J.: 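Starting off with a structure, shown below.
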Amino acid sequence: MPAQANTTETPVKDVELDGRWDDPIRSATTNCPITVFTDGYLLTVKNVSPDRDYRPSALQIWQKGSVVYENNIPEVQSAYITISIANFPAGEYKLEITGTPSGHLTGYFTQE
C-alpha cells in the first residue's frame with residue numbers, strides 16, 4: 001500500500017491596500033501596480049510595473065505602534081519583495097509602503 005504524505009497547505013491571503021499610488025507620467029488614474037499577499041510565512045509585495053520610474057522605495061511593518069520591520073528597497077529589487085514573517089508573534093500588523101517619487105499605501109494583515 002503506498003504511503004500518503006500528510007501535508008497542510010497554508011492559504012494565501014491578499015492584503016487589502018488603501019492610499020494613493022498615482023503614476024506621474026500619465027494624467028489618467030491607473031490601477032495600482034502593487035499587490036501584497038501572505039501565506040503566514042512570507043509577506044510578498046509584487047510590483048507589476050517595475051519598469052516605470054514610480055516604484056516602492058520603503059517598507060515598514062508596525063505592531064502596537066512600534067516598527068517591527070523596516071527596509072529601504074533598492075530599485076533593482078522593487079519588482080518582487082519577500083519578507084519572512086514566520087517568527088512574528090501572533091497579532092495584527094500594519095504595512096506601510098512608500099513610493100518614489102511619491103505615493104503611500106497602507107494595509108493590515110494578521111499573523112496567526
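Please read all numbers here as calculations on a predicted model, not as lab measurements.
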J.: Residues in side chain to side chain donor-acceptor pair (under 3.5 Å) with Y69, at least two apart?
T.: N71
J.: Any chance you could measure Q111, atom CD, to Q63, atom CD, to the nearest 0.5 Å?
T.: 9.5 Å
J.: Looking at CG of L59 and CG of L105, how far apart are the two atoms once the value is rounded to the nearest 0.5 Å?
T.: 10.0 Å
J.: Would you give the length of the straight line joining atom CG of L95 to atom CG of L43, rounded to the nearest 0.5 angstrom?
T.: 5.5 Å
J.: Evaluate the criterion side-chain contact (heavy atoms from CB on, under 4.5 Å) for residue pair I83 and I81; output intermediate values, then yes/no.
T.: CA-CA 7 Å; I83 301 157; I81 303 154; 4.3 Å; yes
J.: Between L17 and V36, is there a side-chain heavy-atom distance shorter than 4.5 Å?
T.: yes
J.: Which residue pairs pass the salt bridge (charged side-chain N to carboxylate O under 4.0 Å, His left out) test with at least one member in residues 96-112, sequence neighbours excluded?
T.: K13-E112, K94-E96
J.: List the residues meeting ring-ring contact (aromatic ring centres under 6.0 Å, His included) with F88, not counting sequence neighbours, and say none if there are none.
T.: Y93
J.: Answer whether the closest heavy-atom distance between the side chains of I73 and S57 falls below 4.5 Å.
T.: no
J.: Considering residues at least two apart in sequence or located in another chain, which fulfil the side chain to side chain donor-acceptor pair (under 3.5 Å) criterion with Q60?
T.: W62, E70
J.: Supply the atom-to-atom distance D14 CG to F109 CZ, rounded to the nearest 0.5 angstrom.
T.: 13.5 Å
J.: Looking at NE2 of H104 and OG1 of T98, how far apart are the two atoms once the value is rounded to the nearest 0.5 Å?
T.: 4.5 Å
J.: What residues, two or more places apart in sequence or in another chain, satisfy side-chain contact (heavy atoms from CB on, under 4.5 Å) together with T44?
T.: F37, L42, Y80, T82
J.: T38: what forms a side chain to side chain donor-acceptor pair (under 3.5 Å) with it, not counting sequence neighbours?
T.: none
J.: Would you mind reporting whether P56 and I34 have side-chain heavy atoms less than 4.5 Å apart?
T.: yes
J.: Would you compute the distance between atom CD1 of I97 and atom OG1 of T106 and round it to the nearest 0.5 angstrom?
T.: 8.5 Å
